[in-house]
> 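Below is a structure I'd like to ask you about.
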Amino acid sequence: MINALNAERIKFLTTRGWIFGTFAFVALAFLLPVANAMTGNDPVRADGSYGGVLGFAMIAAMVVGATLVTQEYRYRMVLVSHQAAPKRWQPLASKAVLAAIYGAVMSALMTVVVALVVNLMVASNRRADFDPAAQAGTIATTALTVALMCVFAVGLGALVRSTSAAVALVVLWQTPIELVLGMLPGIGKQLQPYLLFNNTMVVAVGQTPGGVQLHWGQAGALLYLAALAAVAMVLGLWRTHRPVAD
């Protein structure tokens, strides 16, 4: 397993995908907090940076996780991986570990950086009282949330095997798909507590943007996300054992 993890680390760092993903993550993490700070006159909220990280930036991290798998199928390098590691669960698990570490580090770092930079951009009377040490718990839960979503994306990538399909699902899942499901007549409100991104907000910051009431608290939402990530990985592992041509 250590050898598989090291091999996946080398493959990850020698491709340009993670570089583009990092640029996208940084830009999108700043997007909402900076827009809110520059267009409003109210004091900047201390938790404003979490919205930037948990919004579009998390999608960028998930795309990186999904394409770790799909790019190998695109260029048929997965055949080499299977020859080097006959236990096919090891490369997939290694990819999930790398994606989780990448997502956790990027989200924790950018949560702090965005909050500090936005504070410098606004007038002194609008600055938030952001103390990274005091916010350590929320920063950690945000990092854990993004890590779990990256693991989910790796499983999704292994399941669909197509870069375009995986990216489309990841990008469209948060806004069009979940928004439509939550607005379905008669059952929309019943579905909202089970929607993926509603639970990510509860795990990270303890509340959902629309005030959706879940059937469980922060710990329950964490277990729910972990279960979904585990299911995605199991399905991805099942598909990994199918012939590459399937």
> Can you find a heavy atom in the side chain of Gln218 that is under 4.5 Å from one in the side chain of Thr141?
yes
> Check whether any side-chain heavy atom of Leu225 lies under 4.5 Å from a side-chain heavy atom of Phe152, and answer yes or no.
no
> Would you say Val63 ends up clustered with Val105 if hydrophobic residues are merged whenever their side chains have heavy atoms under 4.5 Å apart, either directly or through other cluster members?
yes
> Minimum heavy-atom separation for Gly17 to Val64, with atom names?
O-CG2, 4.4 Å
> Would you say Leu191 ends up clustered with Ile177 if hydrophobic residues are merged whenever their side chains have heavy atoms under 4.5 Å apart, either directly or through other cluster members?
yes
> May I ask you to test the Met233-Leu92 pair for a side-chain heavy-atom distance under 4.5 Å?
yes
> Any side-chain heavy atom of Thr240 sitting closer than 4.5 Å to one from Trp89?
no
> Are Leu13 and Leu98 in one and the same hydrophobic cluster, where Ile, Leu, Val, Met, Phe, Trp and Tyr link if side-chain heavy atoms are under 4.5 Å apart?
yes
> Could you tell me whether a side-chain N or O of Glu178 sits under 3.5 Å from a main-chain N or O of Leu195, the two making a donor and an acceptor?
no
> Any idea which heavy atoms bring Ala99 and Leu68 closest together, and the distance?
CB-CD1, 4.1 Å
> From Asn198 CG over to Leu181 CG, what is the distance, rounded to the nearest 0.5 angstrom?
10.5 Å
> Using only atom types and a distance under 3.5 Å, with no angle test, would you say the side chain of Arg161 pairs donor to acceptor with the backbone of Arg239?
yes
> How many angstroms lie between atom CE of Met201 and atom CE of Met58, to the nearest 0.5 angstrom?
8.5 Å
> Examine distances only and state if a side-chain atom of Tyr102 and a backbone atom of Thr22 form a donor-acceptor pair shorter than 3.5 Å.
yes
> Are Phe30 and Val26 close enough that some pair of their side-chain heavy atoms sits under 4.5 Å apart?
yes
> Would Leu184 and Ile187 count as a side-chain contact (heavy atoms from CB on, under 4.5 Å) here? Give the steps.
CA-CA 6 Å; Leu184 289 176; Ile187 62 172; 4.0 Å; yes
> How far apart are the closest heavy atoms of Ala57 and Ala29, and which atoms are they?
CB-N, 3.7 Å
> Are Thr67 and Thr70 close enough that some pair of their side-chain heavy atoms sits under 4.5 Å apart?
yes
> Supply the atom-to-atom distance Phe197 CZ to Leu54 CG, rounded to the nearest 0.5 angstrom.
10.0 Å
> Is any side-chain heavy atom of Phe25 closer than 4.5 Å to one of Phe20?
no
> How long is the span from the CG atom in Leu172 to the CG atom in Leu179, to the nearest 0.5 Å?
12.0 Å
> Are Leu235 and Val151 connected in the hydrophobic side-chain network, where two residues link if heavy atoms are under 4.5 Å apart?
no
> Does the side chain of Val146 reach to within under 4.5 Å of the side chain of Met106, using non-hydrogen atoms?
no
> Distance check, rounded to the nearest 0.5 Å: Met110 atom CE versus Thr142 atom OG1?
13.0 Å
> Working to the nearest 0.5 angstrom, can you tell me the gap between Leu222 CG and Leu148 CG?
6.0 Å
> Test of understanding: with ring-ring contact (aromatic ring centres under 6.0 Å, His included), list the residues that count as partners of Trp216, not counting sequence neighbours.
Tyr194, Tyr224
> So which atom in Val53 and which in Ser107 form the shortest heavy-atom distance, rounded to 0.1 Å?
CG1-CB, 3.6 Å
> With no hydrogens and no angle check, just 3.5 Å: does a side-chain donor-acceptor pair link Thr163 and Gln71?
yes
> Hey, would you say the Trp18 and Phe23 ring centroids sit under 6.0 Å apart?
no
> Closest heavy-atom contact between Ala100 and Cys150?
N-CB, 4.2 Å
> Do Val231 and Val154 belong together in a cluster built from hydrophobic side chains that touch within less than 4.5 Å?
no
